[in-house]
2 protein chains.
Amino acid sequence: MATGRTHRPATRSRGIPEATVARLPLYLRALTALSERSVPTVSSEELAAAAGVNSAKLRKDFSYLGSYGTRGVGYDVEYLVYQISRELGLTQDWPVVIVGIGNLGAALANYGGFASRGFRVAALIDADPAMAGKPVAGMPVQHTDDLERIISDNGVSIGVIATPAGAAQQVCDRLVAAGITSILNFAPTVLSVPDGVDVRKVDLSIELQILAFHEQRKAGEDAAADDGTAAPAVAKDHRKGPDGDVPAVMPA
Amino acid sequence: MATGRTHRPATRSRGIPEATVARLPLYLRALTALSERSVPTVSSEELAAAAGVNSAKLRKDFSYLGSYGTRGVGYDVEYLVYQISRELGLTQDWPVVIVGIGNLGAALANYGGFASRGFRVAALIDADPAMAGKPVAGMPVQHTDDLERIISDNGVSIGVIATPAGAAQQVCDRLVAAGITSILNFAPTVLSVPDGVDVRKVDLSIELQILAFHEQRKAGEDAAADDGTAAPAVAKDHRKGPDGDVPAVMPA
DNA sequence: CCATCTTTGTGCACGCGTTCACAAAGACAT
DNA sequence: ATGTCTTTGTGAACGCGTGCACAAAGATGG
Ligand SMILES: NC(=O)c1ccc[n+]([C@@H]2O[C@H](COP(=O)([O-])OP(=O)(O)OC[C@H]3O[C@@H](n4cnc5c(N)ncnc54)[C@H](O)[C@@H]3O)[C@@H](O)[C@H]2O)c1
Ligand SMILES: NC(=O)c1ccc[n+]([C@@H]2O[C@H](COP(=O)([O-])OP(=O)(O)OC[C@H]3O[C@@H](n4cnc5c(N)ncnc54)[C@H](O)[C@@H]3O)[C@@H](O)[C@H]2O)c1
């Protein structure tokens, strides 16, 4: 197959499980809120509730970072905020480029939640010549021609792709060639990247489809013997249609 | 704890594993692309490559749906599109309301990827009286006062929250009270919902922080004996600061 | 009709993640 | 100092998800 590397093999980084890493930002958010209310310490039970996880899980997660708690008391909020921030690499700030300044890209550019969490939008890049120079979120949009130079000049290692799906792989390739090693992809496509490059994707169509699945299941259970568990009649009739016996519905 | 139910206990729905459900939309997307190119059949190997997963995993996933393949040949593309669509509940279309028509909410409203996948934006809702009546994506924004009526009138069961974090729980409560049973939450907060209500969240700050973690790790490995694996000196010095010995960095 | 070749469907083993449950650590009161 | 009480940190068991590897199914050609 000509398809390159696609999903990293869960490179258990320095012993911290991937699942734990994914929860650290959650804890950090909850801790930051406590910090702002000047709460000095917090128990695993309280913090777990605030983060929406099991308390045993939280304690085990923290145990991977070291023993930062005090038995009988809990965790020092400020100290833990710092430890998690350091572990996540948020004590430095990360320049980020956003490629594809359309509906979504512009919304991202305007989003304040970046800067407040250690990320700095270094540049906005779009292929549309008509957009070049136009200010979005108080920052001029730059043309794709300069992509390599922008990334190099600013030492950017994280890129966000918000272009149409058709352009995503091509943009991805250029980003990687220019030195980007982490990509957040909003386009509904599977990106192929070489080893050493991390890709995370956000696809809300997928999220909605998962919700729809459960929604349908709920409806089916409620209806019980309404029409018999959704549509088993179709499922029962299992043999592939000779040519065009597939029902006319065909979404997507 | 006063905190209500927060995460569903992975209700293994009719034997289909949650992990499989989460991949079905991925397969569907790849299959739809093949369908548009009029490819009649596809092998598990090819489809897996297109979807960015392992072929064994794909076959196992499909085995939960039934035996829809033909040995020696592969899967009938059209037929599989239909089966997966049906399984995901996409043969009906789902009315969706978006609450909070700011930067992000407007981008979502303008997004074409909804309709093409069986979802229909039934209404846009915002609390700002100045926005009421204003057209966004060719549809007038409605005021929060009418939230309950809108949901009831349109039989909406899926809601998208794109309000600021502070308003999210309150909006969530109203949505649930009005009959919504599935929520896609973009606000960076943990939502408490009663049993029977599904919540999925999209938080790009979290995604970026996960990328930053791996990015830092890569940098640390490259630098090797540069300053000694990132910052172990700080970690070594483990005792909680009496008061304010936490370094000044403190992000988030 | 038989042989060959391709590709599915799945049994099985393994590793990761989750959760329970408890011993040990330490705070705090007496 | 001693006892009590709270809460951490973790060993161990369990369940889910993943991927290997292969037998069985069926297509295809002779
Ligand atoms: N808008 C949403 O809410 C939403 C939701 C989910 C996913 N998405 C996905 O995000 C992506 C962007 O969505 P959108 O609604 O902002 O689309 P859009 O059409 O509004 O914006 C796309 C932008 O990308 C630019 N672009 C095109 N090709 C480019 C290239 N090669 N290099 C650089 N820039 C290029 C275009 O000029 C345009 O400005 C799409 O893939 C879409 O499927 C969007
Ligand atoms: N913009 C982004 O790219 C982005 C990215 C990630 C997360 N988010 C999150 O998404 C949410 C929205 O972001 P945004 O940039 O669109 O913010 P925004 O301020 O542009 O929009 C918020 C909108 O919600 C409306 N609103 C406020 N309270 C409401 C209520 N009680 N009921 C109904 N509507 C209400 C406001 O009138 C406003 O129109 C925020 O929670 C933000 O953290 C945004």
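Note on naming: letters A, B, ... go to the chains in the order of the sequence lines (proteins, then strands), and numbering restarts at 1 for each one.
- A:E78 and A:Y82 are not linked by any side-chain donor-acceptor pair at a separation below 3.5 angstrom, with hydrogens and angles left out of the test.
- For the residue pair B:D198 and B:S182, no side-chain donor N or O sits within less than 3.5 Å of a side-chain acceptor on the partner.
- A donor atom on one side chain and an acceptor atom on the other are not found under 3.5 Å apart for A:R86 and A:T91.
- No side-chain N or O of B:Y68 forms a donor-acceptor pair with one of B:D76 less than 3.5 Å apart.
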Paired and unpaired positions of DNA chain D as dot-bracket, Watson-Crick or G-U wobble under 3.5 Å, | denoting a partner strand: ||||||||||||||||||||||||||||||
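- Going from atom CD1 of A:I16 over to atom P of C:dG17 covers 12 Å, rounded to whole Å.
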Check nucleotides 7-11 of chain C for protein N or O atoms closer than 3.5 Å to its own N or O atoms and list the pairs.
{"residue": "C:dT7", "atom": "O4'", "partner": "B:G72", "partner atom": "N", "Å": "2.9"}
{"residue": "C:dT8", "atom": "OP1", "partner": "B:S44", "partner atom": "N", "Å": "2.5"}
{"residue": "C:dT8", "atom": "OP2", "partner": "B:S44", "partner atom": "OG", "Å": "2.5"}
{"residue": "C:dT8", "atom": "O2", "partner": "B:R71", "partner atom": "NH1", "Å": "2.9"}
{"residue": "C:dG9", "atom": "OP1", "partner": "B:G69", "partner atom": "N", "Å": "3.1"}
{"residue": "C:dG9", "atom": "OP2", "partner": "B:Y75", "partner atom": "OH", "Å": "2.7"}
{"residue": "C:dG9", "atom": "O4'", "partner": "B:R71", "partner atom": "NH2", "Å": "2.8"}
{"residue": "C:dG9", "atom": "N7", "partner": "B:R59", "partner atom": "NE", "Å": "2.9"}
{"residue": "C:dG9", "atom": "O6", "partner": "B:R59", "partner atom": "NH2", "Å": "3.2"}
{"residue": "C:dG11", "atom": "O6", "partner": "B:K60", "partner atom": "NZ", "Å": "3.3"}

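- Counting to the nearest Å, the P atom of C:dT18 and the CD atom of B:E18 are 14 Å from each other.
- The closest side-chain heavy-atom distance from B:V197 to B:I180 is not below 4.5 Å.
- The interatomic distance linking A:N54 (CG) with C:dA21 (C1') rounds to 12 Å, in whole Å.
- Counting only heavy atoms from C-beta outward, the side chains of B:L108 and A:L104 never approach each other to under 4.5 Å.
- Shortest non-hydrogen contact noted between A:I210 and B:E18 is CG2-OE2, 4.0 Å.
- Of the N and O atoms on the side chains of A:E215 and B:T181, at least one donor lies less than 3.5 Å from an acceptor on the other residue.
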